[in-house]
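Have a look at the structure below, then the notes.
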Amino acid sequence: MQPVVLIISLILMAALSAVFVAAARASRGPAPGPGASAKRSGLIWVMTILGVIVSVASLRDWPHALAGTGDALEVNVSGGQWWWDIDTTEIPAGKPVNFNVTTEDVTHGMGIYDSSLTLLTQVQAIPGYTTQITYTFEEPGSYQILCMEFCGVAHHDMVNEFEVIAAEG
Amino acid sequence: MSTVSENYVPGHAAAAPQAGAVKLTMVLSGAVFALMMAFGLLMRAAQGQWIDLDPALFYQLLTAHGAGMVGTAALSGAAIMWYFCGRHLVLSGGIFWAFLGLFLLGVVLILGAIFIGGYGGAWTFLFPLPALSGGAWEAGAAAAFMLGYTAIGVGFLLYYLELGRRIHARYGSLVRALGWNLILGREDNDPPPPAIVAAAAVTIFNSIGIILGAAVLVASLVHLLVPGFEVDALLAKNLIYFFGHVFINASIYMAVTAVYEILPEYTGKPWKSNRLFAIAWNAVLIFVMAVYWHHLLQDVVMPPWMLVVGQLVSYFSGIPLIAVTAFSTFLYVRGSRMTWDLASSLLVLSVAGWSVGSVPASIDGMISVNKVMHNTMWVPGHFHTYLLLGEVAMAFGFMAWLVRGKTISQMDGLDRAAFVTYLAGAVGFVTVFLFSGAASIPRRWAVHYEEWLSHDRIGTLFGGLVVLGTLVFVLRFAARLGRREG
Ligand code: HEM
Ligand SMILES: [Cu+2]
Ligand SMILES: [Cu+2]
């Protein structure tokens, strides 16, 4: 998902920058005509309609939806300064996994990275709460948990690993 | 119905009481911006392993850079807004000096907490990290840091109390100053000019932000001193991000008054308060407070509707910014035959940088995107865009305008070189952060993996250009100020 997000963002940013450059150049050109306010209303409508479409499309399936406990594997992860503890070290591929995340001290962030260091999903670990997310691993291999919330001087050392193994059968 | 501000005098600086205090504040702001950028450069070079920094020191620099930059953005924004409100209101100079004094007291406490006490819990002091440092700093250092914030907060409350009081006296009510007569189509032969509409809105939302910030500061302080006094971590986080989000945004909303008041001198067209402008500012007043939930999108125990509001408002906040502020800037500039000196160039750039920076911000405000972008370098990527190319450009533009010559003329060679260096450096610097975010590099990591070093090194080079451009702006400002005052 990240490359798509990057490309869309850069295109929109470049387009908006180009409009500014054009506007600065137009300081030498003619003054704005009477159509300007209609253009502005048009812009507001376009932004509103686009916003409604994107919002509905991106929220219709709730991004934090959890897999039902019946068909998911439950994995408990707890964090503390500065370690991660995972109660399952071998996770089968292709089966939804519910991660139940807790912390023993301050706030941490559980970020799951694949072997090429791409962030797959994350959730905050908040003192006094259990936070849950679901993820389904497609590829067997080794995965890492990195800390995504600043938690003190060894924040960058708060790393652990687990394996995803090919599903039997 | 006349919508032209009556105080507008083309090509002439209107009365500006307390200009001396404001100029001093801008010199201080420029110096601190430059110093904090140097800290930023050290961090970036350390991430790239060009220099060797102990992680504890890295996180102290991160804390100083975060608190120092946010504080200075707010300080410079406050000075700018005070200056321009002084064209429309009678403001007490004593209050500004008290504000500045409390701010400097806060700076001393914060710097002491960090570099003497070793506090490195980041500018967001996320509960209960200040009290649980794992041995890196003592409770006293965390308490000094928070007392520093408290001093600054009290100073800001005084500032807003004075502004609110004077706006009320001059316009009868904050509601009228927010432009409600314009919105409702009622007759108003003395409508609030844009700077006053902005001041009224910021006074309301930033006072609320600071008061909620003070509440969580006090709770955190008591927690430090009284073991056993517990605070709900999620509630504290909500309060901290409400305060932090509102406060940093307020700095831009204060500084933008420079655009409203200065650009007309160049374009010859006064910036008017009209119905749309008033609606936009009232929307901002609500949006800026309702959007802070976008910082909590991965706190899945939050009520879902709050996260939905966070996502929606992240997007819809872009409409007043792009369709009103940016679009109006286009209209004012178009056909104006304006002269592009350093001040006008920086001010138009600031509106562009602010708008462009809102794009990656609202995309990251989508919950599904945020799952893989939250707390990666994407985040410093977008906020450095609207800070470096937005708020700071507004502050530098205002400074350049304060010391402009008697006649407006094109930039000289050195100003042009500094402008181009700053712009190229900042664009490169933030673009690298965005690439790093897309490459999943986490933010706030003192030590980076081998795979990430090329990002850090290219970023460092661009950051160096920003520092160079800044040094020229700030030193020239100080020199020109000295020449004019002396
Ligand atoms: C030459 C210019 C600058 C450089 C080189 C720089 C560098 C950095 C670096 C390396 C970080 C840490 C990134 C990470 O999370 O790993 C950072 C964070 C930050 N910067 Fe800058 N920066 C610059 C300018 C600014 C400006 C002008 C502002 C605001 C007005 C600013 C505000 C911040 C804030 C608020 C943070 C977040 C601190 C935190 O995560 O606690 N920076 N900057
Ligand atoms: Cu951490
Ligand atoms: Cu925010």
Side-chain angles (χ1 to χ4, degrees), chain A residues 1-3 5-6 8-10 12-13 16-17 19-20 23-24 26-32 36 40 43-44 47-48 51 54-55 58-59 62-64 81-82 105-107 109 111 113 117-124 126-129 131-133 146 148-156, chain B residues 55-56 59 120-122 126 128-129 132-134 136 232-234 237 298-301 304 308 311-312 315-316 318-319 322-323 327 329-331 333-338 348 352 355-356 359-360 363 366-369 371-376 434-435 438-440 442 444-447 449 451:
Chain A
M1 158 182 286
Q2 287 94 329
V5 171
L6 179 67
I8 292 177
S9 300
L10 291 179
L12 290 175
M13 292 168 81
L16 197 50
S17 306
V19 177
F20 268 95
S27 70
R28 301 263 156 274
R40 190 200 304 260
L43 179 63
I44 293 176
M47 287 185 74
T48 306
V54 172
S55 304
S58 64
L59 289 172
W62 182 236
H64 293 321
Q81 286 170 321
W82 287 276
D105 39 49
V106 300
T107 300
Y113 280 71
L117 279 177
T118 300
L119 178 58
L120 304 175
T121 186
Q122 65 174 309
V123 72
Q124 294 271 304
I126 311 159
Y129 293 83
T131 46
Q132 295 177 295
I133 48 166
L146 270 58
M148 304 301 293
E149 187 59 74
F150 178 60
C151 57
V153 287
H155 165 55
H156 56 277
Chain B
Y59 292 123
L126 195 57
L129 179 59
L132 293 177
S133 73
D232 183 275
L234 190 60
K237 193 176 193 178
Q298 302 316 317
D299 293 74
V300 294
V301 285
V308 170
Q311 165 164 341
L312 296 183
Y315 177 85
F316 287 98
I319 296 183
I322 290 173
F327 197 88
T329 308
F330 300 154
L331 295 187
V333 167
R334 183 174 200 100
S336 66
R337 305 263 172 283
M338 66 187 281
V348 172
S355 312
V356 171
V359 171
I363 292 183
M366 291 169 64
I367 299 171
S368 49
V369 172
K371 254 196 198 304
V372 291
M373 289 299 197
H374 183 64
N375 282 351
T376 67
L434 293 176
F435 270 89
S440 300
R444 292 172 158 174
W445 271 43
V447 182
Y449 295 154
E451 290 88 333

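Chain A is the first sequence line, chain B the second, and so forth, proteins listed ahead of strands; every chain is numbered from 1. Everything quoted here is computed from the prediction, not taken from an experiment.
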### Summary
Taken to the nearest 0.5 Å, the spacing of A:Trp82 CH2 from A:Asp105 CG works out to 8.5 Å
### Task
Go through A:Gly109, A:Pro32, A:Pro63 and name the one with the most non-hydrogen pairs under 4.5 angstrom from chain B.
A:Pro32
### Residue selection (most heavy-atom pairs with chain B, distance under 4.5 Å) from A:Phe20, A:Trp62, A:Tyr113
A:Phe20
### Message
Quick one, A:Ser58 with B:Gln311, criterion side chain to side chain donor-acceptor pair (under 3.5 Å). Give me CA distance, side-chain angles, the key distance, then yes/no.
### Response
CA-CA 10 Å; A:Ser58 64; B:Gln311 165 164 341; 2.8 Å; yes
#### Entry: Leading residue by heavy atom contact count with chain B [cutoff under 4.5 Å; candidates A:Ala154, A:Gly29, A:Gly152]
A:Gly29
### Least distance between heavy atoms, A:His156 atom then B:Pro55 atom
CE1-CB, 3.6 Å
### Task
Over all heavy atoms of both residues, which pair between B:Arg444 and B:Ala122 is shortest? Give the atoms and the distance, please.
NH2-CB, 3.8 Å
### Query
For B:Leu132, is it the side chain, the backbone, both, or neither that has a heavy atom closer than 4.5 Å to a heavy atom of chain A?
both
## Note on the structure
Between B:Val308 and B:Ile367 the two heavy atoms that sit nearest each other are N-CD1, 4.5 Å
### Task
Could you have a look at A:Ser27, A:Ser9, A:Ala23, A:Ala24 and say which one has the most heavy-atom pairs with chain B under 4.5 angstrom?
A:Ser27
### Task
List in chain and number order the residues that pass side-chain contact (heavy atoms from CB on, under 4.5 Å) with B:Ala233, two or more places apart in sequence or in another chain; answer none if no residue qualifies.
A:Ile126, A:Pro127, B:Phe127
### Summary
For A:Ser55 and B:Phe316 the tightest heavy-atom approach is OG-CE1, 4.2 Å
### Message
What part of A:Leu59 gets within 4.5 angstrom of chain B, counting heavy atoms only: side chain, backbone, both, or neither?
### Response
side chain
## Note on the structure
Hits for ring-ring contact (aromatic ring centres under 6.0 Å, His included) against B:Tyr315, two or more places apart or cross-chain, chain-then-number order -> none
#### Entry: Heavy-atom contact with chain A under 4.5 Å, split by part of B:Ile363
side chain
### Query
Side chain, backbone, both or neither: which part of A:Leu120 has a non-hydrogen atom closer than 4.5 Å to chain B?
backbone
### Task
Classify the angle between the aromatic ring planes of A:Phe150 and A:His155 as parallel (below 30°), tilted (30 to 60°) or perpendicular (above 60°).
perpendicular
### Query
NE2/B:His374 to CE/A:Met148 distance, rounded to the nearest 0.5 angstrom?
8.0 Å
### Closest-packed option against chain B by number of heavy-atom pairs under 4.5 Å, given A:Gln132, A:Met1, A:Arg28
A:Arg28
#### Entry: Heavy-atom contact with chain A under 4.5 Å, split by part of B:Ser133
backbone
### Query
Checking heavy atoms, do the side chain of B:Met338, its backbone, both or neither come under 4.5 Å from chain A?
both
### Task
Name the option with the most non-hydrogen atom pairs under 4.5 Å to chain B; the candidates are A:Arg40, A:Glu149, A:Met13, A:Gln2.
A:Arg40
### Message
For A:Gln81, which atoms come within 4.5 Å of any heavy atom of chain B: side chain, backbone, both, or neither?
### Response
side chain
### Max heavy-atom pair count under 4.5 Å with chain A, selected residue of B:Val348, B:Val447, B:Val372, B:Asn375
B:Val372
### Message
Please classify the contact of B:Tyr449 with chain A as side chain, backbone, both or neither, using a heavy-atom distance under 4.5 Å.
### Response
side chain
## Note on the structure
Honestly, the part of A:Leu6 sitting under 4.5 Å from a heavy atom of chain B is both
